[in-house]
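Note on naming: letters A, B, ... go to the chains in the order of the sequence lines (proteins, then strands), and numbering restarts at 1 for each one.
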Protein chains: 2
Amino acid sequence: MTKRTTPILNRNDPEKEPLVGNVKVTREDWLNLARDILVHEGVAELKIMSLSDRLGVSRSSFYWYFRNRVDLLAALLTEWEARNTRTIVNYCALPAEDINAAVCNFFRCFIDPALFDRGLDFAVREWARRDVSLRSRMDAADSERLRSVTDMFERYGYPADEADVRARILYFMQLGYHALEVREPMELRMGRLAGFLKGFTGQVPRPELITEFNAFAHTVGNEP
Amino acid sequence: MTKRTTPILNRNDPEKEPLVGNVKVTREDWLNLARDILVHEGVAELKIMSLSDRLGVSRSSFYWYFRNRVDLLAALLTEWEARNTRTIVNYCALPAEDINAAVCNFFRCFIDPALFDRGLDFAVREWARRDVSLRSRMDAADSERLRSVTDMFERYGYPADEADVRARILYFMQLGYHALEVREPMELRMGRLAGFLKGFTGQVPRPELITEFNAFAHTVGNEP
DNA sequence: CAAGCACTAGACAATAGTGTCCATTGGTGC
DNA sequence: GCACCAATGGACACTATTGTCTAGTGCTTG
């Protein structure tokens with residue numbers, strides 16, 4: 001009943017005493033912690049005991065909110081579909097003045113963790129590829145994403161086959177970047193952006209586009 | 001002592017009776033089966049009990065060949081480093097008449113499963129990214145690969161920064177392609193190759209290059 | 001203030017997996 | 001044909017994890 005008012009123990013807070021006062025744990029608390037573990041430690045580490053320990057409650061409380069472990073995973077998958085996939089689709093549909101700006105929009109959606117959780121994206125991918133039933137949901141999300149990138153290119157005059165090739169390069173590249181969990185200074189990545197756009201679209205990007213993107217990226221500070 | 005002469009039960013052979021006669025199981029048998037499970041079912045499913053069951057021997061035999069489960073995983077990782085990484089490096093170093101041909105060489109190395117096991121590549125990646133000690137070995141392999149692709153571009157006259165960008169696009173793209181486990185008819189992929197090369201290098205590939213690659217790909221039939 | 005309800009603790013049973021120990025087998029070399 | 005030794009089987013102890021059941025506890029609402 002009592003809603004959480006304080007953050008519970010996260011991965012940076014190994015000390016005990018996770019709850020303050022009489023506040024109870026909510027379904028959201030379970031989900032948040034589960035997502036965190038999924039992202040940083042993988043599905044294999046997503047254990048009910050571990051969750052309840054970190055939450056400071058008994059293990060059996062879990063079963064009040066979720067039917068079982070699979071139920072929890074399904075919830076995380078649904079969340080992923082709704083947030084991560086929709087973010088890409090939305091950002092690809094955004095109006096832009098030229099293809100370079102549009103490509104920047106595509107990159108833009110990976111920058112803000114509040115919009116797109118790249119850790120979650122890959123964690124879900126790793127886990128769902130093994131399960132046949134989940135696998136198809138994931139594949140559906142992927143083709144929806146790819147479709148929206150292709151549409152983006154077509155809107156800027158690329159013929160269907162070229163748009164298809166470009167979209168694939170861009171999308172697969174982004175995925176590969178995720179797979180590697182590349183961690184490098186923002187300057188380095190930004191330095192490459194202009195070169196990438198020039199080589200990729202054949203058109204030299206307006207300098208303002210780069211500075212704008214640069215500024216935006218630094219305000220949130222994550223990708224691409 | 002007695003060497004295996006017949007294939008043991010693989011994933012397509014669910015029936016019992018895996019061994020014929022008195023033949024004993026070798027260390028290679030354990031490794032082969034383990035690799036198969038790692039690739040198709042993930043690390044989580046790589047259990048000693050499961051292996052021994054499928055091999056038709058007792059679980060404790062495992063401990064004759066490997067100190068423990070981690071020892072087995074380490075062996076698989078070493079194998080991955082030696083085979084998969086070396087393949088990429090070798091194929092990137094291959095002489096080619098132009099950059100299009102060189103890029104085709106890069107693709108070529110992913111085609112033959114005997115040379116490069118893309119399933120293994122990604123399975124290892126999925127698993128090793130969680131473990132700090134393994135993670136660094138994997139990162140080392142990745143930069144070695146990326147370095148060899150960059151060198152390839154530099155050999156064809158690209159200035160260092162451009163070579164860097166191109167190499168990243170190419171390598172990340174290939175990784176992303178793996179991540180998706182794209183399964184589509186060879187014709188489709190081949191149809192895209194010319195378009196990709198033209199868009200990517202800016203030079204129209206010689207038609208013979210495409211037909212050659214096409215022919216090579218169909219003889220082994222897998223990627224890219 | 002009392003009853004109801006949302007939520008939780010703790011005990012319980014069941015399962016699956018790991019690693020160790022020791023006795024045993026069956027080929028090989030002498 | 002005997003002794004050795006690589007290789008295996010089977011029993012044992014241990015731990016981790018899941019899921020169920022029941023008896024609470026303490027807000028909240030009438």
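- Note: A:F110 and A:H178 meet the aromatic proximity criterion, with ring centroids under 6.0 Å apart.
- Per the geometry, CZ belonging to B:R69 stands 14 Å off C1' belonging to D:dA16, to the nearest Å.
- In this structure, CH2 of A:W30 is placed 8 Å from P of C:dT8, rounded to the nearest angstrom.
- B:R59 comes within 4.0 angstrom of a base, heavy atoms only.
- The cationic group of B:R108 lies under 6.0 Å from the six-membered ring centre of B:F216 and within 45° of the ring axis, placing it in a cation-pi geometry.
- Distance A:Y63 OH to C:dA11 C1': 15 Å, rounded to the nearest Å.
- D:dT18 atom C1' lies 10 Å from atom CE of A:M49, rounded to whole Å.
- Counting to the nearest Å, the P atom of D:dG19 and the NZ atom of A:K47 are 14 Å from each other.
- Distance from the side chain of A:S58 is smallest to C:dG10 among C:dT18, C:dG10, D:dT8.
- Rounded to an integer number of Å, the gap from B:F62 CZ to D:dG9 P is 15 Å.
- Listed by chain and number, the residues in a side-chain contact (heavy atoms from CB on, under 4.5 Å) with A:R129 are A:R135, A:M138, B:F122, B:E126, B:E181 (sequence neighbours excluded).
- Between the P atom of C:dT8 and the CZ atom of A:R27 lies a distance of 13 Å, rounded to the nearest Å.
- Nearest nucleotide to the B:Y65 side chain, out of D:dA7, D:dC21, D:dG9: D:dA7.
- Judged by closest nucleotide on DNA chain D, A:E45 is the one of A:R67 and A:E45 placed further toward the 5' end.
- Here B:W64 reaches the OP1 or OP2 of D:dA7: one of its side-chain N or O atoms lies under 4.0 Å away.
- Using a 4.0 Å cut-off between a side-chain N of Lys or Arg and a carboxylate O of Asp or Glu, A:D53 and A:K47 do not qualify as a salt bridge.
- Whole-Å rounding puts the A:L72 CG to D:dG19 C1' distance at 15 Å.
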>> side chain to side chain contact (heavy atoms under 4.5 Å, CB included), that's the test. Do A:F62 and A:V57 meet it? Break it down for me.
In response: CA-CA 9 Å; A:F62 172 87; A:V57 297; over 6 Å; no
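- The listed nucleotides are D:dG10, D:dG19, C:dT8; the one nearest the side chain of B:S60 is D:dG10.
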